[in-house]
Structures are given as C-alpha cells and as structure tokens.
2 protein chains.
Amino acid sequence: MQDAPNSRAFARHDHAHCAGDMMARAEALSRDKGLRLTPVRRRTLEILLEAHRALGAYDVLDRLSAEGYGNQPPVAYRALEFLVEQGLAHRIRRLNAFTACMHPGEAHAPAFLICRLCDAVAEAPAAAVRAALDKAASDLGFVIERSNIEALGLCPACRTGAAA
Amino acid sequence: MQDAPNSRAFARHDHAHCAGDMMARAEALSRDKGLRLTPVRRRTLEILLEAHRALGAYDVLDRLSAEGYGNQPPVAYRALEFLVEQGLAHRIRRLNAFTACMHPGEAHAPAFLICRLCDAVAEAPAAAVRAALDKAASDLGFVIERSNIEALGLCPACRTGAAA
DNA sequence: GCTATGTATGTTATACTATAACAAGTCAAG
DNA sequence: CTTGACTTGTTATAGTATAACATACATAGC
Ligand SMILES: [Zn+2]
Ligand SMILES: [Zn+2]
Ligand SMILES: [Zn+2]
Ligand SMILES: [Zn+2]
C-alpha cells in the first residue's frame with residue numbers, strides 16, 4: 001500500500017521510528033489541545049508520514065478511499081486542512097501538495113527545500129529566514145500572519161549523483 | 001477597461017508613470033537581450049501593470065480576448081510564462097496569480113507581501129531573506145535554483161483602517 | 001434515557017487552474 | 001522563394017479545489 005519513499009529528507013534515518021514519533025507527538029498534541037484526531041484525520045497523517053514526501057490531495061484521497069473512507073475530494077481536503085491548521089502538516093504550494101510536519105508542536109516558520117530531480121522535500125529550520133522576512137515586511141509597515149517559503153533546487157544526493 | 005486598482009503597493013504613487021516606466025524598461029531589456037516582445041506579450045504585461053495587483057491567468061485571458069486576441073487558456077499562459085521567464089513578471093503561487101515585476105532587469109529574489117483584506121501585493125526587497133535562505137539550505141547541502149517567498153498579512157492601510 | 005446542539009463525514013455537483021497536442025500563421029536567413 | 005525556428009490560435013482534456021446539502025456521530029443538558 002505504501003510507495004517506496006524516494007526521499008529521505010536528505011539524510012538516511014530510521015523512518016519507522018521517525019513516523020511513529022511524529023504520530024505520538026500528534027496524539028499528545030491533540031490531547032493537550034482538546035482536538036479531535038478522528039480516524040480519517042489520523043490515517044491521513046499516517047499516509048503523509050508513510051509516503052515521506054509531498055502528496056497531492058488526490059494521492060491521499062486514493063489511499064483513503066482504498067481503505068474504506070469516502071472517495072470524494074472533500075474527504076481528503078478537509079482532513080488535510082485540519083492537519084495544516086493544527087500545525088501537523090504543511091502545504092507546499094509549488095507542488096500543489098501536502099507533507100507531514102517534522103516538528104509538530106514547536107512553533108516554527110518552516111522553509112521547504114524541494115529537489116527538482118527526486119522530489120524530496122525537506123523542512124529546513126528557518127528562524128533566521130523568517131526574521132529577515134519580518135524585517136523586510138515591517139520596513140514597509142506590513143504585518144505578516146502566515147508565510148510560505150519554498151525553494152527549488154538540488155538535494156545533496158542528486159547534486160553529486162547527476163549533472164543536470 | 002482597467003479595474004480600479006485597489007492596491008497601491010502600500011504607498012501612493014504616480015501609477016501612470018510607474019507603469020510607463022516599467023514598460024520602457026521591458027522594451028529596453030528586450031532589445032538588449034534580443035527577445036521578442038510581441039503584441040500579445042506586450043499587452044499582457046501592460047494588463048498586469050494596469051491592474052497593479054496580482055491577476056489570475058483567466059483574468060488576463062478575459063482582457064486579452066476582449067481586445068481581439070485568442071480566447072483560449074494557452075494564449076494567456078504562454079504570454080505569462082514568457083514574462084516570468086524573462087523576469088518581467090512574477091508568479092504568486094499562494095494566489096494562483098501573476099503580477100508585473102517592479103524591478104525588471106535588476107537581479108533580485110523578491111519576497112511578496114500579500115494583504116488578505118485588500119489583495120494588494122508588494123514586492124519587497126529580500127536580499128537578506130534570500131541570503132538567510134541560502135544559508136539554511138547550504139547547511140543541509142541543498143543548492144537553491146529558484147525560490148518563492150510569500151507572506152500573507154495586513155498592509156499598512158488595512159492594519160490601521162480595520163480591525164479584523 | 002432522550003433530545004438538543006455542534007461537529008464530522010459522505011456525496012453530488014461544479015468551479016477554477018493548467019497543459020498536451022496539433023494546425024496555421026509569421027519572420028528572417030540562406 | 002524555400003526552409004526552419006518560433007509564435008499564435010484552437011481543440012480537447014487533465015488536474016486542483018470548493019460550495020452545498022444530507023447523514024451520522026458525539027457530547028451536554030434536561
Ligand atoms: Zn513543520
Ligand atoms: Zn534529489
Ligand atoms: Zn521583481
Ligand atoms: Zn490591505
């Protein structure tokens with residue numbers, strides 16, 4: 001059921017462990033905040049974690065419907081929207097896709113690094129980036145509420161492996 | 001034919017002058033680089049400049065077709081793609097929209113500040129932001145080729161004018 | 001218990017965004 | 001005037017996202 005992950009977020013790691021850890025954090029977070037991490041929502045998050053790369057809403061929907069959940073777009077979009085709002089997932093606008101957050105709970109304004117060859121998506125720590133952005137905005141009198149910082153390029157593996 | 005601009009990029013200015021200036025720059029740039037700034041492409045850029053805010057591809061298409069150009073999506077998408085590739089316009093992914101570049105010719109990695117109330121879009125200087133992003137990427141061994149930096153929030157006018 | 005209320009899910013239908021593929025026209029070099 | 005590169009137009013279709021309504025489920029009062 002699970003695609004072979006073609007991304008390791010730029011570094012080999014014990015993926016089963018990392019996914020399990022994220023789920024545990026998500027459940028703790030839901031308990032603390034009184035959120036309802038229902039079966040569809042939980043399964044959606046698991047799907048994102050298993051894929052370990054950005055998935056389109058319809059990719060998620062395919063998997064959900066194959067497991068007996070609704071098979072219409074709103075089912076996936078609503079679950080994904082919930083996860084994004086709660087900070088458990090992020091939306092990658094450049095890819096029209098979603099990815100599980102790797103630092104749930106920690107307040108963070110992430111930057112995403114997208115490899116154009118292998119489609120890996122890494123969530124880079126971006127406190128400094130966000131600070132610079134806040135500065136640029138406040139110079140114009142603008143107050144930032146949400147931000148999307150996305151970069152396209154080559155991940156370490158693809159950079160050394162291929163010349164394109 | 002021209003919408004009342006609801007944005008002034010956060011500052012009053014002589015819009016006719018600013019648009020004319022941008023067109024002049026675009027033509028100079030095209031001459032220098034041997035590009036073909038054809039009627040559709042030129043008109044598309046003018047439309048973006050007149051609107052002075054981000055326009056969807058279909059908004060542009062409506063205007064183009066009303067003026068006798070083709071009325072099918074590829075007409076607009078191709079002209080917009082050309083402008084973006086030549087650095088004469090930018091794509092705002094958060095809005096599925098396009099906006100004329102306010103600094104054509106100058107190498108720049110812009111950040112876009114999008115007001116969620118009045119839809120104004122400002123192109124903020126973001127050299128510092130981009131530098132911080134490059135640093136974050138290189139720490140992970142990632143090489144950035146293109147980036148989208150977009151922020152949603154409140155522009156100065158909407159911040160003082162309304163409490164929402 | 002039983003109902004009222006809010007929330008979540010399922011479903012239908014449709015709107016919006018984007019591109020593939022091919023045909024026809026334009027332009028400049030040779 | 002023919003060739004070849006490029007631009008525009010058109011048809012058709014793919015891909016992304018949401019509105020609106022119906023049903024089911026939970027929890028909290030009564
Ligand atoms: Zn995150
Ligand atoms: Zn890669
Ligand atoms: Zn620009
Ligand atoms: Zn505003």
Side-chain angles (χ1 to χ4, degrees), chain A residues 26 30-31 33-48 54-86 88-99 114 119 148 150 152, chain B residues 26 30-31 33-48 51 54-86 88-99 114 116 119 148 150 152:
Chain A
S30 298
R31 261 197 314 277
K33 296 208 287 182
L35 305 175
R36 298 176 59 180
L37 190 60
T38 61
V40 212
R41 292 167 174 175
R42 169 193 308 266
R43 189 68 196 116
T44 299
L45 180 54
E46 288 172 354
I47 286 168
L48 290 180
L55 291 183
Y58 284 75
D59 294 328
V60 172
L61 179 59
D62 287 345
R63 289 165 171 77
L64 285 175
S65 71
E67 297 176 21
Y69 295 100
N71 65 336
Q72 297 305 313
V75 171
Y77 278 101
R78 285 194 290 231
L80 290 166
E81 178 185 36
F82 170 86
L83 295 174
V84 169
E85 274 174 5
Q86 302 311 325
L88 297 172
H90 297 287
R91 186 169 196 157
I92 313 293
R93 306 211 81 114
R94 175 145 212 148
L95 301 177
N96 293 323
F98 300 81
T99 190
I114 307 163
D119 285 329
N148 295 85
E150 303 173 6
L152 191 72
Chain B
S30 299
R31 260 196 315 277
K33 295 207 285 180
L35 305 175
R36 298 176 60 179
L37 190 58
T38 60
V40 214
R41 292 167 175 176
R42 170 193 308 267
R43 189 69 196 114
T44 299
L45 179 54
E46 288 172 355
I47 286 169
L48 290 181
L55 291 183
Y58 283 76
D59 295 328
V60 172
L61 180 59
D62 287 346
R63 289 165 170 77
L64 286 175
S65 71
E67 296 174 24
Y69 296 99
N71 66 337
Q72 297 305 314
V75 172
Y77 278 101
R78 284 194 290 231
L80 290 166
E81 178 185 36
F82 170 86
L83 295 174
V84 170
E85 273 174 5
Q86 303 310 325
L88 297 171
H90 296 287
R91 186 169 196 158
I92 313 292
R93 306 211 80 113
R94 175 148 211 145
L95 302 176
N96 291 324
F98 300 82
T99 189
I114 307 164
R116 67 170 160 81
D119 286 330
N148 296 85
E150 303 174 4
L152 191 71

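These figures come from a predicted structure and were not determined experimentally.
- For A:Arg42, the salt bridge (Lys or Arg N to Asp or Glu O under 4.0 Å) test picks out A:Glu27, with sequence neighbours left out.
- Between B:Leu37 atom CG and D:dC6 atom P the separation is 17 Å, expressed in whole Å.
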- Message: Each nucleotide in nucleotides 11-30 of chain C should get exactly one letter: B, S or -. Can you fill that in based on protein heavy atoms under 4.0 Å?
- Response: BB----BBBBB---------
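- Spacing between atom CZ of A:Arg41 and atom P of C:dT7 amounts to 11 Å, rounded to whole angstrom units.
- If you take CD of A:Glu67 and C1' of C:dT9, they are 16 Å apart, rounded to a whole angstrom.
- The distance from atom CG of A:Leu64 to atom C1' of C:dG10 is 13 Å, rounded to the nearest whole Å.
- D:dA17 atom P lies 11 Å from atom CG of A:Asp59, rounded to whole Å.
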All N/O donor-acceptor pairs, side-chain side in residues 71-79 of chain B, below 3.5 Å, sequence neighbours left out:
none

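- One interatomic measurement links the two molecules: CD of A:Glu81 to C1' of C:dT9, which rounds to 14 Å at whole-angstrom precision.
- Closest approach of B:Phe82 to B:Leu35, counting heavy atoms only: CZ-CB, 4.2 Å.
- For B:Leu61 and D:dT10, the CG to P distance is 11 Å, given to the nearest whole Å.
- In this structure, the salt bridge (Lys or Arg N to Asp or Glu O under 4.0 Å) partners of B:Glu46, at least two apart in sequence or on a different chain, are B:Arg43.
- Legend: residues meeting side chain to side chain contact (heavy atoms under 4.5 Å, CB included) with A:Arg94, ordered by chain and number and at least two apart, are A:Ile114, A:Glu150, A:Leu152, B:Arg93, B:Arg146, B:Asn148.
- The separation between A:Leu35 atom CG and D:dT27 atom P is 14 Å, rounded to whole Å.
- Distance CG/B:Leu80 to CG/B:Leu88: 11.5 Å, rounded to 0.5 Å.
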